[in-house]
There are 2 protein chains.
Amino acid sequence: MPSHHPLPFDPIDRAAKLWQDRIGPAATMAAVTNIMRVQQILQSSVDAALRPHGLTFARYEALVLLVFSRQGSLPMNVMGQRLQLHPTSVTNIVDRLQADHLVERNSHPTDRRTTLVTITEAGRQRQKVATVALTDIDFGLIGLDDTQTAQLTALLTRVRRAAGDFTDPS
Amino acid sequence: MPSHHPLPFDPIDRAAKLWQDRIGPAATMAAVTNIMRVQQILQSSVDAALRPHGLTFARYEALVLLVFSRQGSLPMNVMGQRLQLHPTSVTNIVDRLQADHLVERNSHPTDRRTTLVTITEAGRQRQKVATVALTDIDFGLIGLDDTQTAQLTALLTRVRRAAGDFTDPS
DNA sequence: GCTAACTGGTTGGACGTCCTACTATTGGGA
DNA sequence: TCCCAATAGTAGGACGTCCAACCAGTTAGC
């Protein structure tokens with residue numbers, strides 16, 4: 001169970017209201033704090049579902065990426081690009097997955113700089129049961145029907161695009 | 001400048017597409033990862049704007065809360081409730097603000113368990129300039145017009161409500 | 001060929017978040 | 001009155017994220 005204390009009202013929204021008179025883009029502020037807060041809710045909800053399986057969302061995403069990769073292995077830098085993570089975060093995550101024997105580190109055949117991360121059979125199994133756990137809680141995203149979920153995705157994708165998150169491969 | 005590496009395509013969406021055939025609520029998964037990602041973008045954008053002023057978003061929010069409080073001081077547990085933070089997170093944040101002389105810790109007049117956090121004059125000044133820095137970047141939330149921003153807020157509010165985030169004081 | 005710039009990855013440190021466990025204080029009920 | 005549950009805050013640790021700095025290997029330019 002996530003440990004968000006219930007709120008009698010939204011303090012940040014209240015702050016935003018106060019700003020409206022003296023500063024400016026309160027609507028934007030409200031959206032920002034909503035995103036921050038919903039992310040926090042989802043994170044703790046998802047992590048709680050994964051904890052019994054010894055995973056976090058970050059490590060789970062890495063496992064998913066490897067499971068769906070053609071060879072079951074990827075260079076670390078590619079993992080960083082796909083998951084949008086700093087190289088040091090990849091190192092951190094792979095360290096922990098490796099300590100759990102869910103992935104292995106292999107050397108690249110031609111480029112001796114790169115490290116290939118390969119998922120193990122145990123890793124595949126773990127990803128499978130973790131996915132079941134996640135689908136059981138519907139990924140922690142509740143309160144929206146299919147149409148609204150699609151709307152939300154569309155809006156957020158727009159933001160990501162505006163932020164230059166995915167540069168189209170032109 | 002945030003350090004997200006540009007993406008040629010959305011890997012998680014791709015993974016979600018793969019799941020669609022074999023697992024199920026891929027749309028939900030896509031929305032979840034989008035929220036996670038947008039939060040990350042906003043966080044790093046906002047933190048980058050605050051870094052020159054020696055603040056993070058978490059500490060900034062705490063300052064705002066104190067500035068808008070009637071007495072300029074609040075008990076730590078109240079701060080935790082308003083900011084939706086774990087008690088230990090409040091301790092952490094107040095520690096750092098105090099080290100920067102932006103807040104002070106005072107003892108409560110009647111309840112010796114509670115600690116009153118009081119904003120200093122330096123804290124008020126810092127909050128002011130930090131707010132200017134933040135409004136200058138429009139909180140990093142771009143790519144949406146007013147209508148879309150309102151839509152986004154409405155959708156996220158629905159999620160928060162479903163998660164029991166604000167328990168209406170009925 | 002040789003040097004300089006670039007790329008892949010790691011280390012160490014800062015920060016925020018949470019959890020578990022603990023101390024101090026308060027307040028309600030036997 | 002006294003004891004015990006609830007509350008306020010902190011300490012220590014785990015985790016993920018980032019940055020700065022660094023080393024090893026690779027590639028391009030001269």
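A note on names: the letters A, B, ... follow the listed sequences, proteins ahead of strands, and every chain is numbered from 1. Quick caveat, the model's predicted, so the values are computed rather than measured.
- Protein atom CD of B:Gln40 is 15 Å distant from nucleotide atom P of C:dT17, rounded to whole Å.
- For B:Thr118, the side-chain hydrogen bond (donor to acceptor under 3.5 Å, both in side chains) test picks out B:Asn106, with sequence neighbours left out.
- Annotation: salt bridge (Lys or Arg N to Asp or Glu O under 4.0 Å) contacts of B:Arg124 (sequence neighbours excluded): none.
- Every salt bridge (Lys or Arg N to Asp or Glu O under 4.0 Å) that A:Arg113 has, sequence neighbours left out, goes to A:Asp111.
- For DNA chain D, the residues of residues 108-116 of chain B within the heavy-atom distance limit of 4.0 Å (strictly under) are B:Arg113, B:Thr114, B:Thr115, sorted by number.
- Under the salt bridge (Lys or Arg N to Asp or Glu O under 4.0 Å) criterion, B:Arg105 pairs with B:Asp95, not counting sequence neighbours.
- Looking at residues two or more places apart in sequence or on another chain, you find a side-chain contact (heavy atoms from CB on, under 4.5 Å) between A:Asn92 and A:Arg96.
- Contact between the side-chain N/O atoms of B:Asn77 and the OP1/OP2 oxygens of D:dT7 is not found at any separation under 4.0 Å.
- Residues that satisfy the side-chain contact (heavy atoms from CB on, under 4.5 Å) test with A:Ala122, not counting sequence neighbours, are A:Leu102, A:Thr120.
- Residue A:Thr88 places a side-chain atom within donor-acceptor reach of the base of D:dC19, judged by atom type and a 3.5 Å distance cut-off alone.
- Near-neighbour residues of DNA chain C inside residues 99-106 of chain A, defined by a heavy atom below 4.0 Å, number-ordered: A:Arg105.
- For the 3.5 Å distance criterion, the side chains of B:Thr147 and B:Gln151 fail to qualify, holding no donor opposite an acceptor.
- Residues satisfying the side-chain contact (heavy atoms from CB on, under 4.5 Å) test with A:Thr88, not counting sequence neighbours, are A:His86.
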